[in-house]
K.L.:
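Below you'll find the structure I mean.
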2 protein chains.
Amino acid sequence: MAHGSTRPTSRDVAQAAGVSQAAVSLVLGDKWRGRVSQATAERVREAARELGYRPNLAARNLRLGRTRTVLLVVPALTTEFFAGVYTGAARIAAQNGFGVVLYPSPEGIGPARDPFASAQAALDGIIASSMAADALTALRGDQLPLVMLDSDPEGSLGAATVNLDIADGVRQVAGHLLGLGHRRLLHLAADVASWTFEVRARELAARVGAVPGTSLLTVRAPISIEGARTAAETALSAKGPRPTAIICDDDKLAAGAYKAVRRLGLRIPDDISVTGLDDLALATAIDPELTTVRLDAELFGERGMQALLAVLDGRRPDGGDIPVELVVRGSTAPPSVP
Amino acid sequence: MAHGSTRPTSRDVAQAAGVSQAAVSLVLGDKWRGRVSQATAERVREAARELGYRPNLAARNLRLGRTRTVLLVVPALTTEFFAGVYTGAARIAAQNGFGVVLYPSPEGIGPARDPFASAQAALDGIIASSMAADALTALRGDQLPLVMLDSDPEGSLGAATVNLDIADGVRQVAGHLLGLGHRRLLHLAADVASWTFEVRARELAARVGAVPGTSLLTVRAPISIEGARTAAETALSAKGPRPTAIICDDDKLAAGAYKAVRRLGLRIPDDISVTGLDDLALATAIDPELTTVRLDAELFGERGMQALLAVLDGRRPDGGDIPVELVVRGSTAPPSVP
DNA sequence: CCGCCGAAGTTTTACGTATAACGTCTCCCG
DNA sequence: CGGGAGACGTTATACGTAAAACTTCGGCGG
């Protein structure tokens, strides 16, 4: 470190104010009622301001044995969804004097560095999306309080879970399409092993299976526009009667489906309906605008952080899934009757 | 903290291995050649593994006076661009034993908490996007090594800068459109006071102004699809000859322009050409695919981190703007000759 | 007038680590 | 055979903070 002048410490402030280091700590830590006079306290604060004093966090953390920092583990930040989650979590954290460090699970970042080395910070707790499964294995073994987002409530032993009511969203989508008269459905599924996607498949099968005379074909694709386009194009080109609607596991897949449909010379929603899930900016950028399920990412983050704070306090986090909302736009219509 | 069993310290490891704490530190810190025997070193490592020892980072940071952690300050994470920057920066950081903490400048996160309180971590340096101007004011006053991304090389006193060659990108876009024969251009500009956008405006004016018989109208819009649509629609509905091409400051604005064009019953690129800048996923999701300028976000992040490492080492970061590339897709064509 | 209490501080200690400074013991060379 | 040079450790210390334990002093009730 070429740092010439070292930063002022609480001892420097003490000297400047003519008091002991302990007094500085008391005043700045707001624990001085009945211990330090009003006048002295003001003098200390003035000295601190004067010197531009900032407490050394490493020292404080060492002393207190906690950091008031939590880690938010998310899959590679490829959409704005997790930006929303972060925003919500950070808001609640800030209100409680906590900081949030983001740990996007590495993808080509390097040889699987563990989150702790990477975040360097010592942590009080972790909020992790179930989609960042690879990072989770590295997390196991440490006994930090953990909150899982969108994870199997049964499977995540011990850890509290906070979930979006994806199942309800899928039911709404399926109900919407079935109500319009669609009977041949294509499920464009994310090629990711994660609970949140399993729920989609399960719920869809249940809801559609309950209606006689329906068919449901599932095709898997990586979550990218190009990957989804390829998968959808192949599925739509297959022999036999064509599906009249495509239900996509998320909006990005839906964007790929749009391209597939267009390539085949078909039109949305006239020839085929498409639905997404997320309600990203993408959903209103494409034409026609996408019928999708709106997820409140910020609320998701808020609830996640609240759950973690509860765990840290020894309280039980309050449960209840976060409601989602079907947003009907121009990409769905009754099937054309040939 | 309800933490029942406290984590093992280096002293615990020492006791288990039958050596002193200092020996543990030497071995685990890989400074033991000629100080500790091969056998003892192995014994220490085994004990550490056995106990699941992890060094207390707060203590280490306090001792060393540095954290090997840098802060990456970015504007609200609303696109995948900064996710790429992070990935690149984190890769280089990891190769050098550094960690990167993300600080998305708060937007509704709370009462302007300063980055240091929020990131809690003590920092060795900062990489900041010029777009996160609000957070920067909070950073001033601290003498941390600073690297600015996409910032005025002249204006950012002292701080090293790493820039994309946006000016060249704009020249390429303008050249492309002028080459196709366009003469009436609309510049859909971002309503953000930031150097990177000023460069676009300046360079565009220079390049277009050099060609006789051209007109260039500038309209500002917030960086959102809906905001851009409104602004573009208003501009296109104005009296007088209509522009034949819209040059957008980024891809999101371009998506808004698409919607405006479509609302007016016009077609891209037949009636009007549109260009973007960024090459986000969005660019290939919309129809027709967007002619835009590809920015290598990861390389940007890598170069930023390399520059910061250089500063930390007392070396001079090597300069040179990062090249960008025009990607011609379906949204541009020669103007229709009425 | 004694003893106690509260105000206003100070002294001291511990947090866990990295490393400088300090012992041994053995070997080898002159 | 004296002593210097490794090899192999250990002891001691500092980093900056928070807080428990201690000191001092004036006032006041009994």
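Only heavy atoms go into these numbers, but all of them, side chains included; no hydrogens, no water, no symmetry mates. Letters A, B, ... mirror the listed sequences (proteins, then strands); counts begin at 1.
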K.L.:
Where do A/V100 and A/T69 land on the side chain to side chain contact (heavy atoms under 4.5 Å, CB included) test, with the steps shown first?
P.N.:
CA-CA 6 Å; A/V100 178; A/T69 297; over 6 Å; no

K.L.:
Starting at atom CG of B/D30, determine the distance to atom P of C/dT19, rounded to an integer number of angstrom.
P.N.:
12 Å

K.L.:
Testing the basics here: between B/V13 and B/V44, what is the closest heavy-atom pair and its distance to 0.1 Å?
P.N.:
CG1-O, 3.9 Å

K.L.:
B/G34 near the nucleic acid: base, sugar-phosphate alone, or nothing, with a heavy-atom cut-off under 4.0 Å?
P.N.:
base

K.L.:
Side chain of A/K31 only, please: which of D/dA19, C/dG9, D/dT10 is the nearest?
P.N.:
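My answer, after comparing the listed nucleotides, is D/dA19.
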
K.L.:
Could you give the CH2-to-C1' distance, from B/W32 to C/dT19, as a whole number of Å?
P.N.:
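In whole Å, C/dT19 C1' lies 18 Å from B/W32 CH2.
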
K.L.:
Restricting to non-hydrogen atoms, name the atom on B/L62 and the atom on A/A59 that form the minimum distance, rounded to 0.1 Å.
P.N.:
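Smallest heavy-atom distance, with atoms named: CD1-CB, 3.8 Å.
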
K.L.:
If every non-hydrogen atom of A/L146 is compared with every non-hydrogen atom of A/A128, which pair is closest and at what distance?
P.N.:
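Scanning both residues completely, I find the closest heavy atoms to be CD1-CB, 4.3 Å.
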
K.L.:
Can you check the B/R33 CZ to D/dG6 P distance for me, whole Å?
P.N.:
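B/R33 atom CZ is separated from D/dG6 atom P by 17 Å.
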
K.L.:
Quick one: closest heavy-atom pair of A/L102 and A/L71, and the distance?
P.N.:
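Heavy-atom minimum between the residues: C-CD1, 4.5 Å.
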
K.L.:
Can you give me the N/O atom pairs linking the protein to nucleotides 20-23 of chain D at distances under 3.5 Å, or say none if there are none?
P.N.:
{"from": "D/dA21", "atom 1": "N6", "to": "A/R35", "atom 2": "NH2", "distance (Å)": "3.2"}

K.L.:
Mind checking if A/S20 touches a base, just sugar-phosphate, or nothing, with heavy atoms under 4.0 Å?
P.N.:
base

K.L.:
Decide salt bridge (charged side-chain N to carboxylate O under 4.0 Å, His left out) for A/R49 and A/E46; before the verdict, give the C-alpha distance in whole Å, the side-chain angles of both, and the deciding distance to 0.1 Å.
P.N.:
CA-CA 5 Å; A/R49 207 174 309 121; A/E46 176 57 24; 2.6 Å; yes

K.L.:
Please confirm whether the shortest side-chain N or O distance from B/T40 to OP1 or OP2 of D/dC8 is below 4.0 Å.
P.N.:
no

K.L.:
Are B/Y103 and B/V74 close enough that some pair of their side-chain heavy atoms sits under 4.5 Å apart?
P.N.:
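No - every pair of side-chain heavy atoms lies 4.5 Å or more apart.
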
K.L.:
So which heavy atom on B/N61 is nearest to which on A/A58, and how close?
P.N.:
CB-CB, 3.7 Å

K.L.:
List the steps and the verdict of side chain to side chain donor-acceptor pair (under 3.5 Å) for A/S130 and A/D150.
P.N.:
CA-CA 6 Å; A/S130 67; A/D150 258 341; over 6 Å; no

K.L.:
Base, sugar-phosphate or nothing for A/V19? Non-hydrogen atoms, less than 4.0 Å.
P.N.:
sugar-phosphate

K.L.:
Going through the distances and angles, do B/L149 and B/V85 end up as a side chain to side chain contact (heavy atoms under 4.5 Å, CB included)?
P.N.:
CA-CA 10 Å; B/L149 300 182; B/V85 173; 4.0 Å; yes

K.L.:
Whole angstroms only, please: what is the CD-P distance between B/Q15 and D/dT10?
P.N.:
13 Å

K.L.:
What's the shortest heavy-atom distance between A/Y53 and A/P8, and which atoms?
P.N.:
CD1-O, 3.4 Å

K.L.:
Convert the base pairs of DNA chain C into dot-bracket notation, remembering that pairs crossing earlier ones are written with [ ] and that bases paired across to another strand are shown as |; include only Watson-Crick or G-U pairs under 3.5 Å.
P.N.:
||||||||||||||||||||||||||||||

K.L.:
Write down the protein N/O and nucleotide N/O pairs, taken from nucleotides 14-17 of chain D, whose separation is under 3.5 Å; answer none if there are no such pairs.
P.N.:
{"from": "D/dT17", "atom 1": "OP1", "to": "A/Y53", "atom 2": "OH", "distance (Å)": "2.4"}
{"from": "D/dT17", "atom 1": "OP1", "to": "A/N56", "atom 2": "N", "distance (Å)": "3.2"}
{"from": "D/dT17", "atom 1": "OP2", "to": "A/S10", "atom 2": "N", "distance (Å)": "2.5"}
{"from": "D/dT17", "atom 1": "OP2", "to": "A/S10", "atom 2": "OG", "distance (Å)": "2.7"}

K.L.:
Expressed in angstrom and rounded to an integer, what is the separation of A/Q38 atom CD from C/dG6 atom P?
P.N.:
21 Å

